[in-house]
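Encoded as structure tokens, the structure appears first; notes follow it.
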Amino acid sequence: MKEIGKYFIFLGYLFTNRESFKTHYSLILDECVRIGVNSIFLFVLVSTFIGAVSTVQTAFNLVAPYIPKYVISQVVREMTVLELAPTVMAIVYAGKVGSSMSGNLGTMRITEQIDALEVMGINSINYLVLPKIVASVLMYPLLVIVSGVCALMGGYLVGMITGILAPTEYIYGVRYLFNEFTITFALIKAVTFGFLVASISSYKGYYTEGGALEVGISSTKAVTTSVIAILLADYLLAQLLLSPA
Amino acid sequence: MIEIQHISKSFGDKKILKDISGTFEKGKPNLIIGASGTGKSVLLKCIVELVKPDEGYVFFDRRNFTEANRNGKIEIRREIGMLFQGGALFDSKTVEENVRFPLDMLAVMPKDEKQDRVNLVLNRVGLKGANKKMPSELSGGMRKRVGIARAIVNNPKYLFCDEPNSGLDPQTSILIDELIQVLTSDYDTTTIVVTHDMNSVMGIGENIMFLYQGEKLWEGGKDDITHSGVEQLDDFVFANKVMIAMRGKTS
């Protein structure tokens, strides 16, 4: 409980003694490149393979002759939009971006760079952490969109190459009984997970104590805690937004 | 002038600082000395409140820093320049960006003026032309000098140096000490230097506070330090072979 309280106090400091918009603007752009652009390759690679594998496995499980083949891509679509793109990729995101954020802030802490900012009268949490959180909240939904598209493309390609289902059947299934709210739901989850990964990882890194070994420990804790928070938030959001009234 | 009154600090059960009071004068280097682990750096961090003291008060030119509100503290902190043990340079920024950083964040002045000021202080610390280097390309002594340049670029009223000579060769140490002394007198700052280097003590120690196991045991100038009559200080001062031999001759 003490740790949760400390986390919320930490979040409170994000908005006190703020730096100017001009200062934050350039920092946010830098973070967007670091967080978003530098993660695209990994997201494209993982999502494409997940989409391909989902298609193969769904086809393997739907062998009954009375089930039309387009159901395969319909299932892949639902899995991708509801869970794979926002949630599973959030775990990959925590591993890549969260550990990097935590390591970065932890190193700044043990080399007294954060102390140097504080001595200058600069709110180090506002200066260092707010741009990371804003960039994460902006970039993660975009990565989720890229991820969703790549997963569906992966499924399309593998369906076409292996002959599991024809391209027209695949596209028909992807469009069949499509509920637009699932996209809204995925983006709500993306914003939430983007915030959770950035804030938790920054918190763990910011309060690192000790030396290089502790920076590594903080990064590990950042990923572990972020993943737990993602899974909890995933359940809560599903319960809140998808459960029948 | 900086005044500290009854500063105490514990970490868990361990009492690090015990009721320390003292005054640090303007325009001359004030040294806090003592063996490793006696609480020198903790005292320095308590003064700037990077570590919050459990008890006691700190006054910057009679302004109560301890009881000041958040804005009051920020105002005083903006008058402080600090050199950290490892330099604490921002790894992602060049030397020039590091030195310009306090001006970018705290000062309102045209870009050209900022650049002139950066070049002036880099020249002052003997790093003319090093503007575009990254911290990873610098030696320990150069990092310290960049740290000093960043600390003084904003014309601070108070300058704090935490172990400015640690990890440096004797010649570079002397250069850094001289630099601190000259800057203190030229800019008329209140300077506090934490050190355990006897060369620094004998070189620039005009006002020295000796800490032993978290307590202040002695205060005075470098001329009095060898005959203080305080056993623990004598043990600290005469803690190398040459000085031990000198001590034998003296006694």
Side-chain angles (χ1 to χ4, degrees), chain A residues 2 6 9 12-35 38 100-101 103-132 135 205-212 215, chain B residues 11 41 44-45 47-52 60 65 68-93 97-108 135-136 143 146-148 150-154 156 158-163 166 192:
Chain A
K2 194 180 166 189
K6 200 173 161 191
I9 291 170
Y13 280 127
L14 284 172
F15 304 103
T16 55
N17 181 27
R18 288 187 300 273
E19 295 307 325
S20 67
F21 176 75
K22 197 181 151 200
T23 307
H24 274 145
Y25 179 72
S26 60
L27 290 170
I28 289 168
L29 284 185
D30 287 346
E31 291 295 341
C32 283
V33 171
R34 202 173 300 160
I35 291 170
N38 293 352
S100 155
M101 277 182 191
N104 175 255
L105 286 170
T107 306
M108 288 189 81
R109 166 66 73 193
I110 65 162
T111 55
E112 296 179 312
Q113 293 175 49
I114 290 179
D115 288 347
L117 286 171
E118 288 290 327
V119 164
M120 288 176 207
I122 295 164
N123 176 357
S124 57
I125 297 179
N126 175 264
Y127 180 77
L128 295 172
V129 179
L130 189 64
K132 290 186 197 307
Y206 187 86
Y207 289 111
T208 301
E209 279 178 7
V215 174
Chain B
F11 290 118
S41 292
L44 194 71
K45 286 181 177 176
I47 294 172
V48 293
E49 237 179 65
L50 284 174
V51 171
K52 202 162 172 56
F60 286 78
F65 184 60
N69 59 21
R70 197 174 169 80
N71 288 336
K73 282 183 180 164
I74 288 168
E75 201 177 299
I76 292 173
R77 277 188 168 168
R78 291 188 170 180
E79 297 172 354
I80 291 174
M82 186 158 177
L83 169 65
F84 289 86
Q85 215 166 339
L89 303 181
F90 303 122
D91 298 327
S92 56
K93 295 182 190 293
E97 287 165 346
N98 262 287
V99 176
R100 202 179 51 223
F101 185 79
L103 298 176
D104 287 340
M105 299 301 291
L106 311 171
V108 182
S136 56
R143 289 175 75 91
V146 176
I148 293 175
R150 188 177 67 184
I152 62 167
V153 74
N154 218 7
Y158 314 101
L159 181 63
F160 297 93
C161 304
D162 188 7
E163 305 272 12
S166 66
I192 303 179

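Every chain is numbered from 1, with letters handed out A, B, ... down the list of sequences.
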Using non-hydrogen atoms and a 4.5 Å limit, figure out which bit of [X] sits close to chain A: side chain, backbone, both or neither.
X: Glu79(B); answer: neither
X: Asp104(B); answer: neither
X: Ile76(B); answer: neither
X: Phe160(B); answer: neither

If we define contacts as heavy-atom pairs under 4.5 Å, which of Asn71(B), Ile80(B), Asp162(B), Ile74(B) has the most with chain A?
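Option with the top pair count is Ile74(B).
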Highest number of heavy-atom pairs under 4.5 Å with chain A among Arg70(B), Lys73(B), Met82(B) belongs to Arg70(B)
Might you point out which heavy atoms bring Arg78(B) and Met120(A) nearest each other, and give the distance in Å?
CG-O, 3.4 Å
Closest non-hydrogen atom pair between Glu112(A) and Ala88(B), with its separation
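Minimum heavy-atom separation between Glu112(A) and Ala88(B): O-CB, 3.5 Å.
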Side chain to side chain, Val119(A) and Phe84(B), heavy atoms closer than 4.5 Å:
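Yes, side chains in contact.
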Side chains of Leu117(A) and Met105(B), heavy atoms from C-beta outward: is any pair under 4.5 Å?
no
Of the listed residues (Asp115(A), Thr111(A), Ile122(A)), which shares the most heavy-atom pairs with chain B below a 4.5 Å separation?
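Most heavy-atom pairs under 4.5 Å with chain B: Asp115(A).
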Which is it for Phe90(B) and Tyr127(A) under the ring-ring contact (aromatic ring centres under 6.0 Å, His included) test, yes or no, and what are the steps along the way?
CA-CA 13 Å; Phe90(B) 303 122; Tyr127(A) 180 77; 7.7 Å; no
How many angstroms lie between atom CD of Glu49(B) and atom CD of Glu118(A), to the nearest 0.5 angstrom?
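It comes to 11.0 Å.
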